[in-house]
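The structure under discussion appears below in the form of structure tokens.
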Amino acid sequence: MRGQGKHKGEQLKRGRTIVAEREQAESESERMQARRKAHRKKTRSFVIVVLIVTALTLGVYLGMKELSREHYGIEGGRQDGAELDIKAQIIDEDNRGQVSTRMREYIAQLEGDFRDLGYTVTKVTIPTGTSRELYVDLAEKEGTFFKVNIDRGTAVTAEDATRMLKYIDEKGVQPGYIDIRVAGKAYYK
């Protein structure tokens, strides 16, 4: 019987081993499920981050595009492909032969803004050696032209010109030109 007792003790140990193995198998299964769950969570997080970054990038792009349109005074551009309605004479002192579309859009918008304020643009000169400057002549103030910068909005530029015209009329001055290229400042000579 001692042999049997010893044998039963071994069975008991084996039983414990079987339970331990079963617990180990269950815990491995739980770990695999936890790993899968963690992997799915990481994948989901990655997809969400990519979508958020894409949305932000698109938002920034569209915002910058809108800001640049406002900055340059361009109202939505020409969608129908219609030709710009510029009545003023355009003079290119460098004789490059062609004026950029952006410059033409700016001139057309500036001419419209002056028209809205009651002035008529007669001539726009692109001076030699510059790419962001224009000289604008008005019918109402012959002998005086405005130096403008195309990086400023057209409406602001036209309003600054109107203020300067009122100022020089009050002072009785007849300048050769009025420089309104810098926001908040104006010079005349």
Side-chain angles (χ1 to χ4, degrees), residues 50-189:
V50 167
L51 289 174
I52 290 172
V53 168
T54 302
L56 288 174
T57 303
L58 181 62
V60 167
Y61 170 74
L62 293 175
M64 294 301 290
K65 189 173 181 181
E66 186 61 32
L67 281 175
S68 69
R69 284 180 184 224
E70 288 175 13
H71 180 74
Y72 293 119
I74 299 170
E75 297 284 332
R78 296 179 328 272
Q79 304 222 350
D80 58 358
E83 189 62 33
L84 292 170
D85 185 27
I86 299 175
K87 294 183 178 20
Q89 177 187 10
I90 299 175
I91 298 172
D92 182 6
E93 289 183 347
D94 282 340
N95 292 322
R96 289 173 266 197
Q98 60 185 7
V99 178
S100 71
T101 303
R102 179 176 168 229
M103 186 76 76
R104 286 187 177 281
E105 287 175 347
Y106 186 86
I107 292 169
Q109 188 67 39
L110 184 65
E111 191 176 44
D113 288 338
F114 270 114
R115 191 175 321 119
D116 292 346
L117 293 171
Y119 295 96
T120 305
V121 176
T122 56
K123 180 171 74 172
V124 176
T125 305
I126 303 169
T128 301
T130 63
S131 61
R132 298 185 140 3
E133 253 180 58
L134 297 174
Y135 296 165
V136 179
D137 291 59
L138 301 178
E140 293 76 14
K141 198 66 174 170
E142 287 191 31
T144 302
F145 65 90
F146 290 92
K147 290 183 177 184
V148 301
N149 187 324
I150 68 169
D151 289 334
R152 293 186 67 208
T154 57
V156 174
T157 299
E159 287 176 18
D160 286 352
T162 303
R163 284 191 201 107
M164 280 304 293
L165 286 171
K166 288 178 185 174
Y167 176 80
I168 63 171
D169 285 343
E170 288 173 4
K171 298 294 182 187
V173 179
Q174 181 63 33
Y177 70 86
I178 301 171
D179 188 342
I180 53 173
R181 294 176 290 184
V182 179
K185 298 183 189 234
Y187 308 94
Y188 64 88
K189 182 176 179 184

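Position 1 is the first residue of the sequence; numbering continues from there. Bear in mind the structure is a predicted one, so any value in this text is a computation, not a measurement.
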Does the Y106 side chain pair with the main chain of D151, one donor and one acceptor, at a distance under 3.5 Å?
no
Taking only Lys NZ, Arg NE, NH1 and NH2, and the carboxylate oxygens of Asp or Glu, determine whether D92 and R104 approach each other closer than 4.0 Å.
no
Of all heavy-atom pairs between A88 and E111, which one has the smallest distance, and what is that distance?
N-OE2, 2.8 Å
In Å, rounded to the nearest 0.5 Å, how long is the span from CD1 of I107 to CG of L134?
5.0 Å
OG1-CG distance between T130 and D94, expressed to the nearest 0.5 angstrom
7.0 Å
Side chain proximity check, I150 to R102, heavy atoms < 4.5 angstrom:
yes
For a 4.5 angstrom cut-off between non-hydrogen side-chain atoms, does I178 reach I168?
yes
Supply the atom-to-atom distance D137 CG to F146 CZ, rounded to the nearest 0.5 angstrom.
9.5 Å
Donor-acceptor pair, side chain of E140 and main chain of T120, under 3.5 angstrom
yes
Backbone N or O of T125 within a donor-acceptor pair of the E93 side chain at under 3.5 Å?
no
Closest contact, heavy atoms only, Q109 versus T154:
CG-OG1, 3.0 Å
Atom CD1 of I180 and atom CD of E159: how far apart are they, to the nearest 0.5 Å?
10.5 Å
Any L165 side-chain heavy atom under 4.5 Å of L138 side chain
yes
Between T144 and Q174, is any pair of side-chain heavy atoms under 4.5 Å apart?
yes
Contacts of type ring pair (Phe, Tyr, Trp, His ring centres under 6.0 Å), residue Y188, not counting sequence neighbours:
none
Measuring from R132:CZ to I126:CD1, what's the distance to the nearest 0.5 Å?
13.0 Å
D116 and D113, any side-chain heavy atoms less than 4.5 Å apart
yes
List in chain and number order the residues that pass ring pair (Phe, Tyr, Trp, His ring centres under 6.0 Å) with Y177, two or more places apart in sequence or in another chain; answer none if no residue qualifies.
F145
Applied to residues 164-179, the salt bridge (charged side-chain N to carboxylate O under 4.0 Å, His left out) test, sequence neighbours excluded, yields K141-D169, D179-R181
Which pair of non-hydrogen atoms, one from L110 and one from A158, has the smallest distance, and what is that distance?
CD1-N, 4.4 Å
Could you go step by step and tell me if K147 and D160 meet the salt bridge (Lys or Arg N to Asp or Glu O under 4.0 Å) rule?
CA-CA 11 Å; K147 290 183 177 184; D160 286 352; over 6 Å; no
